[in-house]
Amino acid sequence: MDLAHVPQEGQQDRDPATAGWRRVSVAVDAPQHSGLTGPLDYLGPQDLSPGTLVQVGLGRRDTLGIVWDDPPTPESPDDALPEDQLRPVGAALDALPPLSAAWRRLLDFAAAYYQRSVGELALAVLPPQLRDLDDTQLRARLKKLDKAEAAAQQDPVTVAPERPALTGQQAAAFAAVQALAAEPTPPPALLWGLTGSGKTEIYLRAAEEALAQGRQVLVLVPEINLTPQLEARFAARFAGHTIVSLHSGLTPAQRLRHWLSAHLGRAQLVLGTRLAVFASLPRLGLVVVDEEHDPSYKQQDGARYSARDLAVYRGHLEKVPVLLGSATPSLETWQHALAGRYRRIDLTERIGGGELPKVRLFDMNRLERKKGVTTALSVPLLDALRKRLERGEQSLVFLNRRGYAPVLHCDQCNWKSDCPHCSAHQVFHREDRTLRCHHCGVSQRVPRACPSCGNPDIAPLGRGTERLEEQLAEALPGARIARIDADTTRLKGSLEAQLSAVHDGDVDVLVGTQMVAKGHDFRRITLVAAVNPDGALFSNDFRAPERLFSLLMQVGGRAGRDAAQAARSELWVQTWYPEHALYQSLQRHDYEAFASSQLSERVSAGLPPFAHLALVRAEGRTVEAAKEFLEAAQAQAMELPLAMGLLLYPPVPMAVARVANVERYQMLIEAGHRGQLQRFLREWLPSLHTLKRRHKGLLRWAVDIDPLVI
DNA sequence: AGCACGCCGACT
DNA sequence: GTCGGCGTGCTC
């Protein structure tokens, strides 16, 4: 890289080329825990506008930076470097229009809220390839994009797309969305719609309106690979429009191309996963967040942002409507709607009058218990599956645990297949005869006999999808059984292949993990069975019931999408606790009752959405290192006046305390108000960087704002 | 996080 | 004698 100028050993740069240059601030990829927070100061030409990408020297390396907003000029803060110590910026990527002020404000907010440096976040959400291109190469890419654009406009689509007539309820919902868009500062809207109630059609109509006004539309989906049909529906409706996708599954070149297309304002529709919330969209007119309750919207490493929450902020920032769609909204969103901060729009009827599947709670206590033997497959469930087979209908058996059995066990010496590096069991995978740790990934061959006492009779305990598939094959001879989970879909394209086998009717019984619950539309399935869902009822994870309810509603929604079959569609729940309030609400398809009981529990327990949480995690070589660091951090926190009124819980080991020989501890902080928590963290976290240096075995620490799991 | 510098063991 | 182990420290 050719930096314009490299200063000689701290001397002031006297090159005439930089004469008249001024202080500019540049966001660079310097992680917050380096101690550097905001953008750094450089010297740049007068006409360098904010949002421009520039090459800059940082330490001993050259890196890409983004010119940020003007630094506080005259009596700058005391910690600002004097101008003669600033390095000059290098070449600018002038070919690219600068990133807008709205985009920069979104990043400022996200970085501050999730406690990261702006530069780190901003550079992380730009297409990685942008970093490898110079201005000339970029110009070439843009020219290519122009050509492709021109070619596409050669054959304009003239066929008017078919639009289904709206039902009365849909028409009312759409009118509500239109009213929203007409407001000067539209509030976010919760589109609360059952599976099959036609939410997507509302998205399409709303998008159509925005497009008609020359605006761009951003549609977020939880996992793009699980929702190709949404992309297909948008493509079918908006033939002739430019639609691009943005997600991590794209090749670097595709990702750059799609991003550029959005940034230049050419892509009218941008469909993507959580990272797409940061897409640069100069004419944004509408944001849709489909399945807004989905945990995938929360980034789980690095900057742990919630794309759904940022979408709401972005809508507010750009005065643009945000549609949050879900059949089972997150309790946060639901509470916002109850409080009137979000507009609620209801879709409570299924299109075509289709009925919701009948929920049958099968009481496992009624089974005669054969000594010690429990089976996942009760006789009545097998009968129900056989009935489907006879009628030529499909069934889905849902079990959220992959592998053959979660642990191997020796009866004689009590040996268990524990992972040598983690505090977790190694899962028995029969297919390839391995024991695998789902946390650190180590894999080994299954021992022939107990490694501890030599007993040849080591037995699998519990059951996963592999074993369920095997048991179904035994119980239903002749049935065509398929299994879809992370193990059977590892290869590219295999998920699609398996899904189309199901669609083509080549499968009678489908076994699957939650992977099959999301989005896929299996029209011929008339029975969905959850064989072992009780675990979530008594989990330590306060959001487990919420996830279970949503998952069962969603998995049940797989059944009976075909109106003709809806009447005899069933969701079968095998449970030891049929009287549990969650199942009772589920049986009535009563999300409202479920939400209200959960919300009252959350109020009394002081949990979100009635409290705001942050989690500080520490990873160390030893338990002591991790624990003592957090204890010291807490002691420092107690000194701060801002800690008043906050709840700081003592450090505790994480649920899986050791992963790959790293000990993990965490500490919860609870506040009544977001602002209070934010102010405290801003004061407290910087001191942890220095604290880390004094704790030897500490590997790293991180903070998670609004954690999903505590 | 990179990417240096810096001071102690097994090789050409 | 050096190549390289990763501990420590800095980046406008």
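Remember, predicted model here, so these are calculated numbers, not experimental data. Below, read A as the first sequence line, B as the second, and so on, with proteins coming before strands; counting in each chain starts at 1.
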Assess the side chains of Tyr305(A) and Arg116(A): does a donor N or O sit below 3.5 Å from an acceptor N or O?
no
Could you tell me how far apart Leu64(A) (CG) and dT11(C) (P) are, to the nearest whole angstrom?
21 Å
Locate the shortest heavy-atom distance separating Gly265(A) from Gln216(A); write the atom from each residue and the value.
CA-NE2, 3.4 Å
For atom CZ of Arg131(A) and atom P of dG2(B), their distance in whole Å:
9 Å
Rounded to the Å, how far apart are Glu120(A) CD and dT11(C) P?
19 Å
Any chance the side chains of Gln137(A) and Asp135(A) put a donor and an acceptor closer than 3.5 Å?
no
State which of dC12(C), dT11(C), dA4(B) makes the closest approach to the side chain of Arg60(A).
dA4(B)
Do any side-chain nitrogens or oxygens of Arg87(A) fall under 4.0 Å of OP1 or OP2 in dC12(C)?
yes
Should the pair Arg274(A)-Asp294(A) be classified as a salt bridge under the 4.0 Å nitrogen-to-oxygen rule?
no
Rounded interatomic separation in angstrom, taking CZ from Arg61(A) and C1' from dC3(B):
7 Å
Between N or O atoms, less than 3.5 Å apart, protein on one side and nucleotides 6-8 of chain C on the other: list the pairs.
from	atom 1	to	atom 2	distance (Å)
dT8(C)	OP1	Lys696(A)	NZ	3.4

Any luck finding a side-chain donor-acceptor pair between His263(A) and Ser280(A) under 3.5 Å?
yes
Residues in side-chain contact (heavy atoms from CB on, under 4.5 Å) contact with Pro127(A), at least two apart in sequence or another chain:
Leu130(A), Arg255(A), Leu256(A), Trp259(A)
From dC3(B), dC12(C), dG9(C), pick the nucleotide closest to the side chain of Arg693(A)?
dG9(C)
Rounded to whole Å, how long is the line connecting atom CG of Asp41(A) with atom P of dC12(C)?
11 Å
Nearest-angstrom distance from the residue atom CG of Asp62(A) to P of dC3(B):
10 Å
Rounded distance (Å) that lies between atom P of dC12(C) and atom CG of Leu58(A)
5 Å
